[in-house]
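When a ligand or atom number is given, it counts from 1 through the structure's own listing order. Quantities reported herein were computed from a predicted structural model and do not represent experimental measurements.
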Amino acid sequence: MRAVYRVAEVRSAEERLMRELPPGTLMQRAAFGLARRCALTLSPVYGSRVLLLVGSGNNGGDTLYAGALLARRGAVVNAVLVGSKVHLEGLTAFRSAGGLVVQEVPEQADLVVDGLVGIGASGPLGAAAASLIQQLPEAPVIAVDVPSGVEVDTGDVPGAALRADVTVAFGCLKPAHVIGAAVPYAGQVELVDIGLEPYLAGGPALMVADAPDIAGWWPKPGPESDKYSRGVVGLATGSDAYPGAALLSVSGAVAGPAGLIRYAGSAYPLVAERFPSSVVTLRVADALRVQAWVCGCGLGTGMEAQAELRSVLASPVPVIIDADAITMLVDGTMSHALRGRDAPTILTPHDREYTRLAGETPGPDRVAAALKLAAWTKSVVVLKGHRTVVAAPNGEAWVNPTGSPALATGGTGDVLAGLMGSLLAAGVPPVRAAVMATYVHGQAGREAARQGPVTAVEVAAALRPVIADIQHA
Ligand SMILES: NC(=O)C1=CN([C@@H]2O[C@H](COP(=O)(O)OP(=O)(O)OC[C@H]3O[C@@H](n4cnc5c(N)ncnc54)[C@H](O)[C@@H]3O)[C@@H](O)[C@H]2O)[C@@H](O)CC1
């Protein structure tokens, strides 16, 4: 897993570290890592043409020192300086290595290095920088620390920004590398160790899970396991109007680790036919014991649906509130029932559902938005999107790295809710269940998209091979 830190934390860690090092050491480490990555793209360095975009701060300084290293290895390195000042020592080193400062953007380059702004950026890119990035030659772009033009702490892109193929991140990941509209601007993010990690004392803003985490956390049945000890998941989903939602949620649940599925709802004949291993009833009240409930996918919002949601909220087990059940929570009595629960609850809103529930849009800071709703509802919030955020009332937040635009299609959320419910029923703690389900679901979306256009049925079908791949990697 990877930890992601906000600018304030990075800055104070850098200050602490710099106090223990000779002046300039940290920038030299950063520049060396950057130059090495540039060399990899250029290979060979000798005779290649490199264009540096140099802003007025330390980000520009890193870039000039890296340019000097490349120039010493025989690259033709030109620098365009933007802003009222420049990192003077960096510029001296660059010039004495044979680097050239140019006024006009060259027509050709083998590599563009974006050192306009790093973590010191504030607001949208200034006019000179914004105009410069429109004039660049066709070439791979390596961004220094963060792509220029993004809000580092939120991943928002408030104006013009430069799209990088690779971002060389110094010391640690920052939110713009993993969340928001900034993610495609960052391209492939590669970390350069500058010795910062032991000094990051204030705790991460976010965590990102990886495949070995998911494999390690996945519940595995042992010789003593039986269907009940593996967990029983209940699904109160689907309706006469949306029977497909019942099938999709159950198809997500059957890919998970639970030992038994109980379905409660009007689609029960269909579910029994398609999933003969499930146990079906018409109502939540008639279902026997479960270890977790999934409620809401295609459930509707009428009187019957409300009664089912009330039954689920009253149960003493972990609950996932999805889709129509989120809409029903807007009713004050329901949200009261939610806040009165002792057992864990997971809410899975997309942006419109978030807005209905919170009374405001998530806005550009999706992590802050998810954390706010989590604190207010005392629930784990899964704020769905291109990079889904999982946030807990205690301030813990995760971002899912496997999202795919392929998942932006009807019914994929039902599959996700079913899988998450199965993990919860198997005893996985709520935040982890949400992180695991979104990771696997995102990967399944990507796999399904390899075969062409994707529906939720293909995503559900891809879950099992994806889980097997992760476990056996
Ligand atoms: N602090 C440290 O110890 C280290 C910092 N490093 C580098 O330093 C960077 C941070 O440096 P700085 O704090 O000097 O800040 P930056 O270089 O990121 O940006 C600050 C400069 O950019 C200008 N600027 C701010 N917002 C702008 C906008 N929207 N459009 C155009 N120009 C804008 C400001 O006038 C200022 O001169 C990091 O991202 C990293 O690249 C690395 O050298 C590693 C060590």
For atom 26 (N) of ligand 1, the option (of G60, P124, G126, S122) bearing the nearest heavy atom: S122
Side chain, backbone, both or neither: the part of R11 lying under 4.0 Å from ligand 1 by heavy atom: side chain
Enclosure of E104 CD (heavy-atom neighbours >12, cutoff 6.0 Å): no
Is it true that atom CZ of R73 has more than 12 heavy atoms of other residues, nucleotides or ligands lying nearer than 6.0 Å? no
Roughly how far, to the nearest 0.5 Å, is the CZ atom of R29 from the OH atom of Y65? 15.0 Å
Just to be sure I read this right, does ligand 1 sit under 4.0 Å from the backbone of A31, its side chain, both, or neither, counting only heavy atoms? neither
Identity and separation of the nearest protein heavy atom to atom 27 (C) of ligand 1: V117 CG1, 3.8 Å
I need the nearest protein heavy-atom contact for atom 18 (O) of ligand 1: residue, atom name and distance, please. G118 N, 2.6 Å
Are there over 12 heavy-atom neighbours, none belonging to E197, within less than 6.0 Å of that residue's CD? no
Do T301 and D324 meet the criterion of a side-chain donor-acceptor pair at a distance under 3.5 Å? no
Using a 4.0 Å cutoff against the non-hydrogen atoms of A121, which atoms of ligand 1 qualify? 18 (O), 25 (C), 26 (N)
Per atom 34 (C) of ligand 1, closest listed option by heavy atom (G33, S56, A160): S56
Counting each atom of ligand 1 from 1 as listed, which ones have a heavy atom of F170 under 4.0 Å away? 40 (C), 41 (O)
If you count the atoms of ligand 1 from 1 in the order shown, which ones are under 4.0 Å from a heavy atom of G123? 29 (N)
Ligand 1 contact by E15, heavy-atom criterion under 4.0 angstrom: no
Take T41 and R37 through the test side chain to side chain donor-acceptor pair (under 3.5 Å) and record every step on the way to the result. CA-CA 7 Å; T41 296; R37 186 58 187 83; 2.8 Å; yes
For G57, atoms of ligand 1 separated by under 4.0 Å from a heavy atom: 14 (O), 17 (O), 21 (C), 37 (O)
Evaluate side-chain contact (heavy atoms from CB on, under 4.5 Å) for C172 paired with L200, printing each intermediate quantity in order. CA-CA 9 Å; C172 64; L200 291 160; 3.9 Å; yes
Is M18 in polar range of ligand 1, meaning some N or O pair under 3.5 Å apart? no
For atom 9 (C) of ligand 1, find the nearest protein heavy atom and state the residue, atom name and distance (0.1 Å precision). N59 N, 3.7 Å
Using a 4.0 Å heavy-atom threshold (strictly under), name the region of M27 that reaches ligand 1: side chain, backbone, both or neither. both
Options V192, N58, D62, I194, ranked by nearest heavy atom to atom 40 (C) of ligand 1, top entry: D62
Is any side-chain N of the basic residue among D365 and K372 closer than 4.0 Å to the acidic one's carboxylate O? no
Would you check if the side chain of Y354 reaches a backbone N or O of A369 as a donor-acceptor pair within less than 3.5 Å? yes
Atoms in ligand 1 with a heavy atom of D145 nearer than 4.0 Å: 38 (C), 39 (O), 40 (C), 41 (O)
Distance from atom 10 (C) of ligand 1 to nearest protein heavy atom, with residue and atom: I119 CG1, 3.7 Å
Quick check for you: to the nearest 0.5 Å, what is the distance between H87 atom NE2 and N59 atom CG? 11.0 Å
How far does NZ of K384 sit from CG of L416, to the nearest 0.5 angstrom? 5.5 Å
So for atom CZ, which belongs to R2, do other residues, nucleotides or ligands contribute more than 12 heavy atoms lying within a distance under 6.0 Å? no
Which residue owns the protein heavy atom closest to atom 15 (O) of ligand 1, what's the atom, and how far is it? G120 CA, 3.3 Å
Considering only the protein, which heavy-atom contact is closest to atom 2 (C) of ligand 1, and what is its distance? E14 OE1, 3.1 Å
